[in-house]
Amino acid sequence: MPKLTIDGMEVEVEAGTSVLQACEQLGIEVPRFCYHERLSVAANCRMCLVEMERSPKPIASCSMPCADGMVIRTNTEQAQKARKGVMELILINHPLDCPICDQGGECDLQDQAVAYGYDRSRYAEEKRSVQDKDFGPLINAEMTRCIHCTRCVRFCDEIAGVAVLGAVGRGTHTEISTYVERAITSELSGNLADVCPVGALTSKPYRFKARPWELRKTETVDVLDAVGSNIRVDARGGEVLRVLPRLNEDVNEEWISDKTRFACDGLKRQRLDRPYVRRNGKLEPVSWDEALDAVVARLQGLDGARIAGLAGDLVDAEAMIALKDLLLSLGSPHLDCRQDGARYDVSERVGYLFNTTIAGIEQADVIVLVGTNPRLEAPLVNARIRKRYREGGLKVGVIGPSVELGYVYEHLGSDAGVLAAIAEGSHPLAATLKAASRPMIILGAGALVREDGPAVQAVAREIAARYDLVRDGWNGFNVLHLAAARVGALDLGFLPQVGGRDTRGILDGAKAGDIEVVYLLGADEIDASRLGNAFVIYQGHHGDRGAHRADVVLPGAAYTEKNGTYVNTEGRVQQARMAVFPAGEAREDWKILRALSERLGRRLPYDNLGQIRDRLVAVNPLFATKGDVQAAPWRPFGVSGALLEEPFQPAVDNFYMTDPISRASLTMAKCTDAFVPSREGKTGTHG
């Protein structure tokens with residue numbers, strides 16, 4: 001390990017550490033534009049110049065590896081003069097757009113110009129201008145402001161896996177462009193606005209909306225997929241204006257998907273902001289008392305066997321335990337959280353978790369994807385796989401549709417028969433799995449929502465057992481969920497009780513008349529036409545599919561409008577926090593159920609958030625472990641059965657519209673128009 005001296009302080013660092021990284025370890029700030037800790041080193045902005053003993057000129061600290069005995073000085077007159085010269089060159093062509101630039105107040109160039117800029121310019125010629133480019137509906141490109149740091153190019157190539165940006169032209173005519181003037185087709189493209197150190201790439205939907213000092217910032221978690229990305233919600237008044245990523249190395253690093261970032265405009269459209277009751281075939285606005293009285297009148301005296309409840313994909317754990325307690329008090333055994341109709345075995349927690357963890361992907365040497373397209377279902381999981389792939393030594397196999405994932409894989413087949421062959425040892429992949437030190441299998445929703453879902457899960461468990469996917473310090477059996485609420489609901493047992501019906505059974509019973517009342521708690525992904533003549537109570541925040549069929553609508557709060565607990569696909573318990581107040585007369589979901597229970601004479605035993613969270617812990621102690629993943633013990637699970645010969649089908653066709661919030665978003669509608677048709681007919685990159 002090299003030992004060097006920086007500004008009179010001696011430090012020992014790992015081999016391969018750059019001088020800039022060593023400075024950071026000592027808390028010494030070195031200015032930079034092109035350097036980013038998650039991207040390759042370009043060393044083309046030259047802002048990080050420092051003085052090195054015995055060097056005739058300043059060195060670029062980002063690209064200089066530390067050596068034993070090296071003496072570095074970061075704040076000498078020579079280093080300061082060099083940085084000021086670089087800053088003067090950078091500002092030669094930079095326009096004076098700060099008063100109208102969305103990056104104002106958050107701009108690295110602004111901050112460093114204060115320290116290293118001159119108060120006047122010696123440049124008398126015309127400033128260079130660059131024609132505006134159309135990068136699609138998400139990224140606004142003002143490339144006249146570009147300083148050619150190439151962060152955006154490296155992000156697309158290395159993280160997103162979409163090589164659409166690059167430098168064209170030479171010298172003063174150099175421009176960052178998409179080569180053929182097309183939009184940036186990546187589910188992670190919004191991160192370009194974060195990696196750009198100037199105002200060249202900014203958020204198009206957020207353009208000219210607000211300044212950062214006007215916004216109220218709330219740290220919370222995303223619920224639009226099952227990854228549970230850590231985010232910051234920026235709001236002004238009662239409106240969410242933007243969503244930004246928060247650093248969490250174990251979950252999302254510092255990236256978020258485009259749906260997480262840009263679907264927030266759907267929070268204010270098609271909202272349910274007051275209760276409704278259906279009268280003469282039409283939903284009419286009513287008071288809360290009238291709405292609750294209508295529910296009580298229909299439930300009072302009804303046999304619990306004729307009542308059922310379904311929980312949706314965006315629901316918090318507090319609301320689900322309240323609905324479960326209420327339904328059980330009414331004598332109903334019919335409740336389910338799997339509104340997609342999946343029937344996999346949930347008797348053991350290890351059978352429905354992403355046990356390897358998202359960060360654990362970086363240790364894998366073989367990954368088998370079964371019935372899943374992680375690029376659309378969980379872009380940040382796919383980014384981790386690509387990150388591991390770029391390090392080398394990873395073999396990826398896909399069983400299911402041939403799709404574009406951003407890395408090379410072997411297409412093993414399209415149906416469950418391939419899984420059976422692997423389990424028997426007759427497939428060529430069997431030898432690869434047996435020789436692997438860190439093998440993984442990932443089951444997606446496309447593999448589990450079929451009639452043979454339990455059998456697919458059982459065969460995957462057989463593979464895990466046969467090829468030692470589970471060993472000391474490693475569990476390679478994984479389920480990649482789509483819904484943020486799914487794992488939390490399974491942990492709470494929001495499932496059919498003894499003699500109860502699952503989602504399919506509830507819908508069949510409602511259509512046949514055996515189920516008379518169905519309580520939809522944010523459940524919008526079901527076939528509402530199968531509800532027959534049942535009395536439908538819909539509690540949620542958007543006028544989506546469930547509300548259109550409802551007889552009574554109870555307006556709830558969206559994820560940015562309440563304090564709620566969610567469990568991501570790894571089993572990590574995280575808490576969302578209220579950023580704005582609920583719209584209109586809407587209320588937090590568990591409070592609505594608490595009020596309803598009192599009117600029904602079945603009063604739920606919790607009156608505040610602390611008490612209902614104590615109830616969560618009482619039902620499952622895992623809810624007391626916030627932010628960490630508790631490894632589930634490996635125990636037998638799965639139900640053996642016949643495997644269907646039909647190919648696995650994708651669970652997500654349109655990444656941009658998978659839930660009520662994104663379906664209400666104008667930005668997501670524009671993305672659907674711009675990007676979704678372009679994927680039709682594409683084949684995967686595979687060998």
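- Not one N or O on the side chain of E158 forms a donor-acceptor pair closer than 3.5 Å with the backbone of A160.
- A salt bridge is defined here as a Lys NZ or Arg NE, NH1 or NH2 lying under 4.0 Å from an Asp or Glu carboxylate O, and E525 with R545 meets this definition.
- Minimum interatomic distance between A523 and A311 (heavy atoms only, all atoms of both residues): CB-C, 4.3 Å.
- Counting only distance, with no hydrogens or angles, the side chain of H542 and the backbone of G266 share a donor-acceptor pair below 3.5 Å.
- The shortest side-chain heavy-atom distance between T372 and F648 does not fall under the 4.5 Å cut-off.
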The test is side-chain contact (heavy atoms from CB on, under 4.5 Å); show your working for E187 and L376 and say whether it passes. CA-CA 8 Å; E187 294 74 24; L376 302 186; 3.6 Å; yes

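- Distance OG1/T357 to CG/N568: 10.0 Å, rounded to 0.5 Å.
- In this structure, L369 and Y409 have side chains that are not in contact, with every pair of non-hydrogen atoms separated by 4.5 Å or more.
- The CZ atom of R349 lies 12.0 Å from the CZ atom of R635; values are rounded to the nearest 0.5 Å.
- Contact check for L480 versus V381: side-chain heavy atoms found under the 4.5 Å cut-off.
- For the pair R613 (side chain) and F623 (backbone), a donor-acceptor distance under 3.5 Å is absent.
- Summarising the local packing, NZ of K434 is surrounded by 12 or fewer heavy atoms from other residues, nucleotides or ligands at distances under 6.0 Å.
- The side-chain heavy atoms of R461 and E348, taken from C-beta on, include no pair separated by under 4.5 Å.
- Closest approach of V315 to A485, counting heavy atoms only: O-CB, 3.1 Å.
- Checked by atom type, the side-chain pair N563/E318 shows no donor-acceptor distance below 3.5 Å.
- Distance alone, capped at 3.5 Å, places no donor-acceptor pair between the D222 side chain and the S229 backbone.
- Atom-to-atom distance recorded for I159:CD1 and R154:CZ is 10.5 Å, nearest 0.5 angstrom.
- Within the 3.5 Å criterion, the main-chain N or O of P439 finds a donor-acceptor partner in the side chain of W474.
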Go through V162 and S189 one step at a time and tell me if the side-chain contact (heavy atoms from CB on, under 4.5 Å) criterion holds. CA-CA 9 Å; V162 181; S189 65; over 6 Å; no

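- Salt-bridge check for R504 with E451: passed, with a basic side-chain N closer than 4.0 Å to an acidic carboxylate O.
- Looking at R486 and R338, their side chains come closer than 4.5 Å, going by heavy atoms from C-beta outward.
- Interatomic distance, I506 CD1 to Q339 CD, rounded to the nearest 0.5 Å: 11.0 Å.
- Closest heavy-atom contact between D225 and A484: O-CB, 3.4 Å.
- Donor-acceptor pairing under 3.5 Å is lacking for the side chains of T432 and K395.
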Going through the distances and angles, do V368 and L429 end up as a side-chain contact (heavy atoms from CB on, under 4.5 Å)? CA-CA 9 Å; V368 182; L429 187 69; 3.6 Å; yes

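- Residue Q574 is tested with T220, N230, D628 for a side chain to side chain donor-acceptor pair (under 3.5 Å); the sole match is N230.
- In summary, E249 and R38 engage in a salt bridge, as defined by a charged side-chain N under 4.0 Å from a carboxylate O.
- Minimum heavy-atom separation, R450 to A416: NH2-CB, 3.9 Å.
- Annotation: cation-pi pair R615/Y606 absent, no NZ/CZ under 6.0 Å from the ring centroid and within 45° of its normal.
- A donor atom on one side chain and an acceptor atom on the other are found under 3.5 Å apart for Y352 and D491.
- Checking side-chain atoms of K324 against main-chain N and O of L492 turns up a donor-acceptor pair under 3.5 Å.
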Please report the C-alpha distance between W255 and V195 in whole Å, then the side-chain angles of each, then the deciding distance to 0.1 Å, and finally whether the side-chain contact (heavy atoms from CB on, under 4.5 Å) criterion is met. CA-CA 10 Å; W255 320 118; V195 300; 3.6 Å; yes

Kindly determine whether E362 and R384 satisfy salt bridge (Lys or Arg N to Asp or Glu O under 4.0 Å), including the steps that lead there. CA-CA 7 Å; E362 298 183 26; R384 287 275 189 169; 2.4 Å; yes

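- Residues P650 and N373 form no side-chain contact, since every pair of their non-hydrogen atoms from C-beta on lies 4.5 Å or further apart.
- Atom CD1 of residue I442 and atom CD1 of residue I399 lie 12.0 Å apart, to the nearest 0.5 angstrom.
- Taking both residues in full, the closest heavy atoms of A364 and L394 are given as O-CD1, 3.7 Å, listed atom of the first, atom of the second, then distance.
- Of the charged side-chain nitrogens involved, none lies within less than 4.0 Å of a carboxylate oxygen, so that E219 and R577 do not count as a salt-bridged pair.
- The side chain to side chain contact (heavy atoms under 4.5 Å, CB included) with E570 is formed by just one residue from the set V227, V629, T356; it is V629.
- Remark: the backbone N or O of G351 is paired with a side-chain donor or acceptor of Q457 at under 3.5 angstrom.
- Looking only at distances, a side-chain donor or acceptor of N478 sits under 3.5 Å from a matching main-chain atom of N355.
- Remark: side-chain polar atoms of Q363 are not paired, donor with acceptor, to backbone N or O of R438 under 3.5 angstrom.
- In this structure, the side chain of N252 engages the main chain of R246 through a donor-acceptor pair within 3.5 Å.
- No side-chain donor from either of T565 and D316 sits under 3.5 Å from a side-chain acceptor of the other.
- The shortest distance between side-chain heavy atoms of I463 and F477 does not fall below 4.5 Å.
- With hydrogens and angles left out, the side-chain atoms of N382 and Y407 include a donor and acceptor closer than 3.5 Å.
- Distance check: L469 CG to N475 CG gives 8.0 Å after rounding to the nearest 0.5 Å.
- Within 6.0 Å of CD on E14 lie no more than 12 heavy atoms contributed by other residues, nucleotides or ligands.
- E462 approaches S640 most closely through the heavy-atom pair OE2-OG, 4.2 Å.
- L482 places a side-chain heavy atom less than 4.5 Å from the side chain of V652.
- Side chains of Q539 and D589: a donor on one and an acceptor on the other come within 3.5 Å.
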